[in-house]
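To start, the structure under review is shown below, and the notes come after it.
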Amino acid sequence: MVVEGLPRLRFSKASIGFVGDTPLIVDVEMTVNAGEIVGLTGRSGIGKTTLLRTAAGLISTLSGTVECCCTESTRAERGAIGLIPQRLGLVQHQSVGYNVILGALAKASLLQTAFSLPNRVMRDATRDAIEAVGLSDKTLESVNRLSGGQQRRVAIARAMVQNPQLLLADECLGELDAETAREIIDLLRSLARDHGMAILVVDHNPVRVRTFCDRVFQLRGHSLIPFDEEPADRGSTLPLVKEDSA
Amino acid sequence: MSEKTFQARLMQLVTRRPVLRIGLIIVVLLILIINHLGITLWKLVEGAGNLKRLGAEALPPDFSVLTERAGWAYPACTYESDFLCSPAVIGMTQTIEIAILATVFGMILSLPLAAMAATNLSPPWLAQSTRQVLAAMRVLPSLIWALIFVIVVGIGPLAGVLAMTMYTVGYLGKLQYEALEGVSKEPLEVARTMGLPRWQVARFFAIPEASNALLSQMLFMFEYNVRHGSVIGLVGAGGIGWYMNHYLSPFQQYDKVLALIIVLYFVVVAIDQISLRVRRNFIDGDAEYRKPRWRDVLITRDVQG
């Protein structure tokens with residue numbers, strides 16, 4: 001069980017990733033609370049995705065701690081964390097419905113998964129999520145045939161069915177036109193507001209990310225700092241290792 | 001003096017041109033191998049005489065293999081029609097049936113093994129040990145597997161099915177784990193972030209993602225099994241090869257064997273063409289956007305309306 005009142009994601013003095021022998025980001029201090037959208041911005045290649053993948057548990061920290069969806073055992077429950085990667089992670093050649101119902105796997109029983117027999121709750125949740133993202137007429141269509149914006153909606157619908165406590169979204173607004181980006185932002189807001197999800201959004205566009213996030217952090221040099229705050233050493237926005245090698 | 005100059009020029013040419021040097025090494029190597037194997041031109045000339053005698057006995061092919069009833073067929077044929085009970089039809093049908101069973105059983109067994117052997121789905125110790133198992137199954141060709149199973153379960157199609165299944169698992173397993181290792185890592189990361197166990201990551205993310213390649217490989221394996229199904233019959237494991245062997249030994253009726261080979265050739269060509277069309281649906285152009293349907297392959301668009 002999730003302990004109420006605790007942040008859904010907490011980095012404490014965490015050092016993350018490495019370029020050669022040097023950590024990519026040091027002393028990360030950040031929290032993401034329930035119902036909150038936190039933005040993470042910074043230049044390309046500076047380590048935004050690495051930080052997100054660390055939060056997802058795909059990469060270990062070099063030092064310090066990362067607590068996700070703090071449970072009594074300090075380990076995330078199954079299905080507690082949802083991920084929308086930069087290229088969305090949809091299963092190609094499969095239908096919209098198939099991709100969306102995958103979100104229900106985390107909560108399915110062994111028998112249901114072994115025999116691929118989703119129950120009524122899962123099917124209803126899938127139908128509702130597809131309807132919420134406006135793709136009801138595309139349920140049986142292969143995701144390969146959808147536009148970039150529609151594919152992003154499928155990924156969000158999958159997250160809605162999973163209903164994680166923490167959603168990690170990597171560049172989920174990238175290369176979208178303004179209107180489609182606005183629709184995706186509205187969907188993210190509804191996830192935070194209606195489902196109480198904690199959402200960490202990575203976006204390379206600092207102007208856009210400030211328009212819809214409750215708090216925004218930026219990566220500069222090797223540090224993660226709140227947006228608008230200048231780093232103590234006023235360092236470059238590029239990792240120091242790259243400066244050295246240059 | 002002139003000879004020395006020629007040698008010097010030859011050496012200069014060889015050392016300056018790496019392609020020529022490699023070509024020279026290959027030619028020397030081939031000569032050494034041919035010499036080691038005791039192959040002589042005289043044996044080829046002698047063989048030509050035998051080929052002439054074989055041709056005289058085999059031609060024209062005796063197509064009575066399509067009309068005569070094979071009373072000695074195993075298992076016994078119970079149809080009224082002589083055509084349906086002819087050696088060519090029974091043999092070819094058995095070969096295709098063995099290939100179908102071996103391909104389906106092989107696919108069912110190889111898919112979980114392939115998922116275990118894929119390094120992106122399994123821990124290194126499991127992937128490496130499963131690869132060793134698959135490699136061991138591939139070491140023996142289907143003919144040797146057939147010999148083993150003829151000893152174990154006796155003469156007949158069962159030995160053929162078991163032999164082809166074993167080889168299919170080894171061969172298809174390798175193709176499949178390579179296809180699974182080639183899938184995009186992002187869907188797998190989504191699954192891992194959700195906290196799904198490895199088998200669910202493979203079952204619901206990796207295998208569906210690679211489904212087009214996997215189906216294409218299965219069809220390729222079916223073609224392969226039809227072709228090799230004729231060979232395993234020679235050692236008693238059923239199929240058209242068994243009927244060829246019946247005519248070869250002890251009767252040496254080469255004209256009937258040639259007729260069976262011609263029937264086999266046309267069937268294999270027909271299966272290759274059908275398989276090619278089906279596989280094209282899985283791997284080419286349109287497959288990027290549309291999952292192929294069997295209906296599209298088996299029924300023409302005119303009929304579908």
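A, B, ... follow the sequence lines: proteins, then strands. Residue 1 opens every chain. None of the values given here were measured: they were computed from a predicted structure.
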Which of [options] touches chain B most, by non-hydrogen pairs under 4.5 Å:
options	value
A/Leu88, A/Leu90, A/Val91	A/Val91
A/Gly103, A/Pro85, A/Pro164	A/Pro85
A/Ala106, A/Ser95, A/Gly89	A/Gly89

Distance from [X] atom [atom1] to [Y] atom [atom2], nearest 0.5 Å?
X	Y	atom1	atom2	result
B/Gln200	A/Arg78	CD	CZ	4.5 Å
B/Trp199	A/Leu110	CH2	CG	5.5 Å
B/Thr193	A/Ile84	OG1	CD1	11.5 Å
B/Phe205	A/Leu102	CZ	CG	4.0 Å

For the backbone of [Y] and the side chain of [X], can you confirm whether one donor and one acceptor N or O come within less than 3.5 Å of each other?
X	Y	result
A/Gln94	B/Pro208	yes
B/Glu209	A/Gln92	yes
B/Glu186	A/Arg87	yes

Between A/Tyr98 and B/Phe204 the two heavy atoms that sit nearest each other are OH-O, 2.7 Å
